[in-house]
Amino acid sequence: LEYARRAFNNMPHRDIISWNAMITTYTQNGHGELALKLFGQMDLESIKPDKITFMSILDACAGISALKQGK
């Protein structure tokens with residue numbers, strides 16, 4: 001994940017595909033909170049989310065909720 005984030009940060013131009021790839025990577029690897037944080041950054045940079053973005057964010061929220069319920 002560290003290498004993926006470094007590559008993402010070093011991209012001269014990030015489009016919706018690169019944002020979705022990074023958000024989905026965080027979500028699928030159990031880092032929902034990082035996915036949500038990146039989603040917030042995406043909003044600050046005025047990148048418009050699409051269906052894939054929302055699907056990944058919903059999955060991230062579900063994962064965070066399950067973790068909290070399990071404690």
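A quick note: this is a predicted structure, and the numbers were derived from the prediction, not measured.
Between the NE2 atom in H31 and the CG atom in L36 there is a gap of 13.0 Å [rounded to 0.5 Å]. Rounding to the nearest 0.5 angstrom, the gap separating the CD1 atom in I23 from the CG atom in L34 is 11.0 Å.
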Output side-chain donor-acceptor pairs under 3.5 Å for residues 40-47, partner residues at least two apart or in another chain, one line each.
unit_1 : atom_1 : unit_2 : atom_2 : d
Q41    : OE1    : R5     : NH2    : 3.4
Q41    : NE2    : E45    : OE2    : 3.2

With a cut-off of 3.5 Å and sequence neighbours excluded, list every side-chain donor-acceptor pair involving residues 48-64.
unit_1 : atom_1 : unit_2 : atom_2 : d
D50    : OD1    : N20    : ND2    : 3.0
D50    : OD1    : I52    : N      : 3.1
D50    : OD1    : T53    : N      : 3.0
D50    : OD1    : T53    : OG1    : 3.0
D50    : OD2    : N20    : ND2    : 3.4
T53    : OG1    : N20    : OD1    : 2.4
T53    : OG1    : D50    : N      : 3.2
S56    : OG     : T24    : OG1    : 2.7
S56    : OG     : I52    : O      : 3.2

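Scanning both residues, M11 and S18, for their nearest heavy atoms gives SD-CB, 3.7 Å.
Residues F8 and W19 are in side-chain contact: their nearest non-hydrogen atoms beyond the backbone lie under 4.5 Å apart.
Taking the charged nitrogens against the carboxylate oxygens, E33 and K37 have no contact shorter than 4.0 Å, which rules out a salt bridge.
Taken together through direct or relayed side-chain contacts under 4.5 Å among Ile, Leu, Val, Met, Phe, Trp and Tyr, I17 and F39 form part of one hydrophobic cluster.
Residues satisfying the side chain to side chain donor-acceptor pair (under 3.5 Å) criterion with N10, sequence neighbours excluded, are absent altogether.
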